[in-house]
Q: 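For reference, the structure I am asking about is given below.
Bear in mind the structure is a predicted one, so any value in this text is a computation, not a measurement.
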Amino acid sequence: MLFAYWASKRGTAEAPGRRDLDPLDIPRLLSIVVLVDVEHDPLRFCYRLAGTELIQKAGTEITDKTFDEIHRGPQRDAVFADYQRAAVTCQPVVARYEYANEFGSYWRYERLLLPLIDASGVVNMLFGGIDIQLPTTLPWKTRVFSHPTKAKR
């Protein structure tokens, strides 16, 4: 639904601009939406807006924080590559991640990043949606043996 909205707003352009979006058009999706400012040379990202559901599930406010302040886990480089691809190619990027953090929580989320362009056609923002499933314990069982057992003969 978010992709269809973005596509309808771009018309014949490669991507729509921020000015083309109206939050009143997508009220049911606002809780999972992000707007990310894109800076070039060097490439950097800063979260301008994050939906309430995202903030609640992340457990912290991410608005006005940079990518590097937020993404420090095992998927950091892969996530940065997704943002970079959307910003540099002006193409939508869809990703699904599953990982366990250092506390043993298992996370799953899907993310859609959609480029927004300025009047000169340069990507200056990413518009997207993130569906986070709350952390659970690891999906597999781990056995830890304190002593090796001897084979019976």
Q: How long is the gap from CG on L114 to CZ on R10, to the nearest 0.5 Å?
A: 9.5 Å
Q: Checking D20 now: which residues fulfil salt bridge (Lys or Arg N to Asp or Glu O under 4.0 Å) with it, not counting sequence neighbours?
A: none
Q: Establish whether F127 and M1 are linked, either directly or via other cluster members, by ILVMFWY side-chain heavy-atom contacts under 4.5 Å.
A: yes
Q: Looking at every heavy atom in both D82 and A95, which two are closest together, and how far apart are they?
A: OD2-CB, 3.3 Å
Q: What do the steps show when you test R85 against Q91 for side chain to side chain contact (heavy atoms under 4.5 Å, CB included), and what is the final call?
A: CA-CA 7 Å; R85 190 165 62 248; Q91 295 294 312; over 6 Å; no
Q: Are F3 and L29 connected, step by step, through hydrophobic side chains (Ile, Leu, Val, Met, Phe, Trp, Tyr) whose heavy atoms are closer than 4.5 Å?
A: yes
Q: Atom CZ of residue position R19 - does it have more than 12 heavy atoms of other residues, nucleotides or ligands inside 6.0 Å?
A: yes
Q: If you look at every heavy atom in T63 and R48, which pair is closest and at what distance?
A: CG2-O, 3.0 Å
Q: My understanding is that only one of L126, V123, L35 makes a side chain to side chain contact (heavy atoms under 4.5 Å, CB included) with L116; could you say which?
A: L35
Q: Run the numbers on Y83 and V93 for side chain to side chain contact (heavy atoms under 4.5 Å, CB included), then give the verdict.
A: CA-CA 8 Å; Y83 280 65; V93 175; over 6 Å; no
Q: Is there side-chain contact between V94 and E110, with at least one heavy-atom pair below 4.5 Å?
A: no
Q: For C90 versus I117, what's the shortest heavy-atom pair and its separation?
A: SG-CG2, 3.8 Å
Q: Hey, does the side chain of K9 reach the backbone of Y5 with a donor-acceptor pair shorter than 3.5 angstrom?
A: no
Q: May I ask you to decide if E61's main-chain N or O and Y47's side chain share a donor-acceptor pair within less than 3.5 Å?
A: no
Q: How about F45 and F80: are their ring centres within less than 6.0 Å of each other?
A: yes
Q: State yes or no: do L30 and M125 share one hydrophobic cluster built from I, L, V, M, F, W and Y residues joined by side-chain heavy-atom distances below 4.5 Å, directly or via other members?
A: yes
Q: Go through the steps for I26 and L21 under the test side chain to side chain contact (heavy atoms under 4.5 Å, CB included), then give the verdict.
A: CA-CA 9 Å; I26 53 169; L21 306 181; over 6 Å; no
Q: Closest heavy-atom contact between A50 and I62?
A: CB-CG1, 3.4 Å
Q: May I ask you to decide whether R76 forms a salt bridge with D68, counting only side-chain N to carboxylate O separations under 4.0 Å?
A: yes
Q: Is a side-chain donor or acceptor of W6 paired with a backbone partner of P115 at a separation under 3.5 angstrom?
A: yes
Q: Out of curiosity, does I55 fall in the hydrophobic cluster containing L49 (side-chain heavy atoms, cut-off under 4.5 Å, transitive links)?
A: no
Q: Let me confirm one number: the NE2-OG1 distance from H71 to T66, rounded to the nearest 0.5 Å.
A: 9.0 Å
Q: Can a salt bridge be assigned to the pair D118 and R18 using a cut-off of 4.0 Å between side-chain N and carboxylate O?
A: no
Q: Could you measure the distance from the CD atom of Q56 to the OG atom of S31? Nearest 0.5 Å is fine.
A: 9.5 Å
Q: Counting C-beta onward and ignoring hydrogens, is there a side-chain heavy-atom pair between V79 and R111 closer than 4.5 Å?
A: yes
Q: Are any non-hydrogen side-chain atoms of D37 and N124 less than 4.5 angstrom apart?
A: no
Q: Do the side chains of K65 and T60 get nearer than 4.5 Å, heavy atoms only?
A: yes
Q: Evaluate side chain to side chain contact (heavy atoms under 4.5 Å, CB included) for I32 paired with I130, printing each intermediate quantity in order.
A: CA-CA 6 Å; I32 63 162; I130 303 174; 5.7 Å; no
Q: Determine the minimum heavy-atom distance between E14 and T89, stating which atoms define it.
A: OE2-O, 4.0 Å
